[in-house]
Amino acid sequence: KRQVSANSPWSSQLIMGVGREAGAVLSPGTPLSGIEHVLGDLDLVLVMSVNPGFGGQAFIESQLAKIAALRKAIDALGKPIDLEVDGGVTHDTAPLVRAAGADALVAGSAVFKGGDYAANIAAIRAGSCGNPPVASTTPRSARTTPGSAPPTRAPTTRPPSPTSAS
């Protein structure tokens, strides 16, 4: 199963060329090395902390090391790349995920469980808000906000297709 295209650098540049933000997703089995070659071209990286497919799964704790390593790599670039985590986020795991360096958390089952959505969201926020990313050096104010222009990047030339005639 191929998760990262050889044309990923070109793809992210094409996406940004039409005024949109480019992102990548790392499933639990995909190492950080799978996106290192395009990390500087991205606006967002989503780390899946469960195997994609259905809700209610338990958080895979080994993803904390991946989140921390990704935060370190993002900060080394000095670019405003958002680090989002999806899967198994609860009031118990939110502080761990934030401490590892995530900027944004996605919670599904933990929000809807029991029917008291507001209380569930408050519990997740209470757990995560007291734990800013430990390694983050990119200030939130430097990141793009909805409605603002995406960062400008130099265009990349698409690599020649192996099927194109010279």
Side-chain angles (χ1 to χ4, degrees), residues 1-18 20-112 124 127-128 131-138 140 142-144 146 150-151 153-163:
K1 198 174 200 184
R2 188 169 155 166
Q3 296 187 20
V4 178
S5 166
N7 288 328
S8 294
W10 175 80
S11 299
S12 59
Q13 293 294 329
L14 180 66
I15 291 166
M16 291 182 305
V18 294
R20 302 291 185 223
E21 294 184 338
V25 179
L26 292 174
S27 293
T30 307
L32 176 56
S33 62
I35 63 163
E36 285 176 333
H37 66 288
V38 295
L39 185 58
D41 293 328
L42 300 175
D43 298 294
L44 168 100
V45 178
L46 172 66
V47 175
M48 293 298 301
S49 46
V50 297
N51 289 303
F54 59 95
Q57 296 179 65
F59 182 84
I60 300 172
E61 290 200 28
S62 63
Q63 298 310 291
L64 290 170
K66 183 188 296 183
I67 296 163
L70 186 52
R71 168 53 58 206
K72 185 175 179 180
I74 289 169
D75 288 347
L77 290 172
K79 294 187 175 190
I81 302 168
D82 286 320
L83 175 50
E84 188 171 308
V85 176
D86 183 0
V89 175
T90 66
H91 68 282
D92 292 324
T93 59
L96 304 173
V97 172
R98 287 285 291 155
D103 298 311
L105 312 179
V106 178
S109 298
V111 170
F112 297 107
I124 294 167
S128 68
N131 292 291
V134 290
S136 181
T137 58
T138 306
R140 251 346 245 168
R143 299 176 189 276
T144 1
R153 296 195 175 113
T156 301
T157 309
R158 181 178 184 171
S161 169
T163 59

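No hydrogens, no waters, no symmetry mates; every other heavy atom, side chains included, goes into these values. For this chain, numbers begin at 1 and follow the sequence in order.
Heavy-atom minimum distance, A24 versus I35: CB-CG2, 4.1 Å. Contact record, A94 with V89: CB-CG1, 4.4 Å, taken as the closest heavy-atom pair. Listed here is the closest heavy atom pair of V50 and G88: CG1-N, 3.6 Å.
Checking I67, L70, L46 one by one against L26, the side chain to side chain contact (heavy atoms under 4.5 Å, CB included) holds for a single residue, L70.
Using a 4.5 Å heavy-atom cutoff, the side chains of T30 and V25 are not in contact. The closest side-chain heavy-atom distance from L44 to E21 is not below 4.5 Å. When side chains are defined from C-beta on, V47 counts as touching L83, because their heavy atoms get closer than 4.5 Å. Residues I74 and L42 fail the side-chain proximity criterion, which asks for heavy atoms closer than 4.5 Å. Looking at heavy atoms from C-beta onward, S62 lies out of side-chain contact with P28 at the 4.5 angstrom threshold. Inter-residue side-chain proximity for L64 and V97 is flagged as met; some heavy-atom pair is nearer than 4.5 Å. Between E61 and T93 there is no side-chain heavy-atom pair separated by less than 4.5 Å.
One N or O on the side chain of S49 and one on the backbone of G87 form a donor-acceptor pair closer than 3.5 Å. Here the side chain of D43 pairs a donor or acceptor atom with the backbone of A22 at under 3.5 angstrom. Side chain of S27 to main chain of G29: no donor-acceptor pair is present (N/O by atom type, distance under 3.5 Å, no hydrogens or angles).
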*Begin from the C-alpha positions of R71 and D103 and carry the test side-chain contact (heavy atoms from CB on, under 4.5 Å) through to its verdict.*
CA-CA 9 Å; R71 168 53 58 206; D103 298 311; 2.8 Å; yes
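Taken from CD in E84 to CE in M48, the straight-line distance is 10.0 Å, to the nearest 0.5 Å.
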